[in-house]
Amino acid sequence: MPAWKTFLTLALAGSAASCAHHDNGEVVPEHERAELLKKWDQEWSFSGIASFAHLKPVKCLIEPDEHYDIAIIGAPFDTAVSYRPGARFGPRAIRAASARQMAATSYNTRAGLNPYQSWAKITDCGDIPITPFDNGLAERQMYEAFLELGSRSIVNKAPKANGIGATHPKLVTLGGDHSVALPALRALHQIYQKPITVVHFDAHLDTWNPVRYSAYWQSEQTQFNHGSFFHKASREGLICNSTSAHAGLRTRLTGVDAGDYTNPGPEQGFIRVHADDIDELGPMGVVETIIARTGIDPEQPVYLSVDIDVLDPSTAPGTGTPEPGGWTTREFIRILRGLEKLNIVGADIVEVSPAYDNKGETTALAAAQVAFEIITSLVKSGVDEELGGWYGWMEQEEKKEKMESKDEL
Ligand SMILES: *[C@@H]1O[C@H](CO)[C@@H](O)[C@H](O)[C@H]1NC(C)=O
């Protein structure tokens, strides 16, 4: 029996023993409870209350005894956007769109692993209750929440547990506008006590000096917006300047030359892979460029930040600042799979704004798939065997079988 099943069985048995009382004080016999489970403990993909991937939802922030290896956390915040609002509804939409990610049916063919039936305990920790009235306060609420959730002790030691992330739970945030990455980085910097490598997928740089929006009307709070949070994060020393990368870039700029793009400053901490580069490099070339920059170092924590607008508006129309000419979902999934060996300690999927999505949930589906690929990588990085995955795995097995049958002849 896999570990997660043992855990489930024990958890259920535990609850049966501790609180199995009828209202009238009679104890429900064990066999009756087992019978009920056999009969009713099933969910269809389209049924159930919408947690991410049908995971057990827990309001972890008010359950200090709740522990997990990977936490999914919603950050419904969108009062720092420059164009379309609405990403406060992102977590709900992504959760709803994750409905077909059931533990029983989530073997990731590309990765060779079912992340929901492996060593890791994954919990949907619900949403951070973020105020929509005061962004300064919102920043603080998010920081405190990420710090609390990321500081808890883990449940299961990964079979292959090494490096700086081995004893901390991993956080996957469903945004929210992109500025939620700033409090997340502050918390990770606090937990890991070193600048974080940021791999940033986006049509936009998000490293702009806030004066870009208005040089005249400035306040402390105008600096906290969804186009300048990496500028702020860099100035605060949260981002590692020699290992970080932007990828998928293709935005219009201010002014009459490329100064808005190439101006010196903290944005120089990132290399830049443009959306168009995929035509020359191919998805695996994009992967190689990124890994050449980040390296693969178990002692260096990586934050993976995915603005869904990295995808073309034809695949992800429901977003805050759409830019035509982006990547397809297939290309992006392939790039994400290529990055599975990175030492990811935290990730976000942001800027899903469901009001601009279509009836087929195109954007939310893409975001749920991105979360699935990231969660798969987090779990796979702790597995102590070479799983391979779709790329090469099937073919290798076939070859091995052929070789073996030849040997027998
Ligand atoms: C990265 O560069 C920026 C701008 O030069 C600087 O403010 C920041 O402290 C640097 N970060 C680290 C971690 O050294």
Side-chain angles (χ1 to χ4, degrees), residues 53 94 97-98 100-101 105-116 118 172 197-203 244-250 270-296 302-317 319 323-344 347-352 362-381 383 386-398:
I94 301 169
S98 73
R100 284 185 59 254
Q101 292 182 38
T105 57
S106 285
Y107 178 79
N108 188 330
T109 48
R110 296 175 173 99
L113 167 95
N114 182 335
Y116 305 123
S118 187
V172 178
T197 295
V198 176
V199 177
H200 172 219
F201 290 101
D202 202 317
S244 296
H246 296 295
L249 300 172
R250 57 181 192 285
F270 291 80
I271 58 148
R272 295 161 186 195
V273 180
H274 303 101
D276 296 2
D277 290 343
I278 204 165
D279 293 333
E280 282 76 38
L281 299 174
M284 294 328 271
V286 171
V287 166
E288 278 160 28
T289 310
I290 293 170
I291 288 181
R293 172 69 171 177
T294 60
I296 293 177
V302 177
Y303 186 74
L304 190 58
S305 189
V306 179
D307 188 322
I308 206 68
D309 73 24
V310 72
L311 300 175
D312 191 77
S314 59
T315 32
T319 190
E323 305 281 0
W327 292 339
T328 65
T329 327
R330 190 195 69 244
E331 287 164 340
F332 187 47
I333 290 169
R334 193 148 180 208
I335 291 167
L336 285 173
R337 287 266 47 84
L339 296 174
E340 66 185 19
K341 288 197 162 53
L342 292 187
N343 184 28
I344 301 164
D348 63 48
I349 301 104
V350 295
E351 296 284 347
V352 172
T362 306
T363 316
L365 274 172
Q369 181 74 26
V370 168
F372 176 62
E373 298 299 345
I374 293 172
I375 292 164
T376 300
S377 294
L378 291 173
V379 176
K380 196 172 171 180
S381 71
V383 174
E386 208 47 66
L387 291 174
W390 196 257
Y391 301 120
W393 182 72
M394 293 282 185
E395 291 78 0
Q396 274 170 24
E397 287 296 299
E398 266 169 35

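Since the structure is predicted, the reported quantities are computational estimates derived from the model, not experimental observations. Positions are given from 1, in the same order as the sequence printed here.
- Side chain of D312 to backbone of T328: no donor-acceptor contact under 3.5 angstrom is found.
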For T376 and N108, run side chain to side chain donor-acceptor pair (under 3.5 Å): C-alpha distance rounded to whole Å, both residues' side-chain angles, the deciding distance at 0.1 Å, then the answer.
-> CA-CA 8 Å; T376 300; N108 188 330; 3.2 Å; yes

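- In this structure, D307 contributes its side chain and D202 its backbone to no donor-acceptor pair below 3.5 Å.
- In this structure, the side chain of S98 does not engage the main chain of Q101 through any donor-acceptor pair within 3.5 Å.
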Going through the distances and angles, do L378 and V172 end up as a side-chain contact (heavy atoms from CB on, under 4.5 Å)?
-> CA-CA 10 Å; L378 291 173; V172 178; 3.6 Å; yes

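- Listed for the R250 side chain is no donor-acceptor partner under 3.5 Å among the backbone atoms of H274.
- Salt-bridge annotation for E340 and K380: present, with a side-chain N of the basic residue lying under 4.0 Å from a carboxylate O of the acidic one.
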Starting from the C-alpha separation in whole Å, work towards a yes-or-no answer on side-chain contact (heavy atoms from CB on, under 4.5 Å) for F372 and Y116.
-> CA-CA 10 Å; F372 176 62; Y116 305 123; 3.9 Å; yes

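- Once rounded to the nearest 0.5 Å, the distance linking CE of M284 with CD1 of I335 reads 9.0 Å.
- Remark: R272 CZ to D277 CG distance equals 12.5 Å, nearest 0.5 Å.
- Here T329 contributes atom OG1 and Q369 contributes atom CD; the two are 8.5 Å apart, rounded to the nearest 0.5 Å.
- Looking at T197, its side chain never comes within 3.5 Å of a backbone N or O of V302 through a donor-acceptor pair.
- The closest side-chain heavy-atom distance from I374 to I349 is below 4.5 Å.
- Inter-residue side-chain proximity for L281 and T289 is flagged as met; some heavy-atom pair is nearer than 4.5 Å.
- Note: F201 and F332 have perpendicular aromatic rings, judged against thresholds of 30 and 60 degrees for the angle between ring planes.
- Taking CD1 of I344 as the reference point, atom OG of S381 lies at 7.5 Å (rounded to 0.5 Å).
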Start with the C-alpha gap between L249 and V273, add the side-chain angles, then the distance that decides, and say whether side-chain contact (heavy atoms from CB on, under 4.5 Å) holds.
-> CA-CA 7 Å; L249 300 172; V273 180; over 6 Å; no

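- For the atom pair OG1 (T315) and CD (E331), the distance works out to 9.0 Å, reported to the nearest 0.5 Å.
- Side chain to side chain, S305 and D348 meet the donor-acceptor criterion of an N or O pair below 3.5 Å.
- The CG atom of L336 sits 10.0 Å away from the CZ atom of R110 when rounded to the nearest 0.5 Å.
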What do the steps show when you test V199 against S244 for side-chain contact (heavy atoms from CB on, under 4.5 Å), and what is the final call?
-> CA-CA 6 Å; V199 177; S244 296; over 6 Å; no

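- With hydrogens and angles disregarded, a donor-acceptor distance shorter than 3.5 Å links the side chain of W327 to the backbone of A275.
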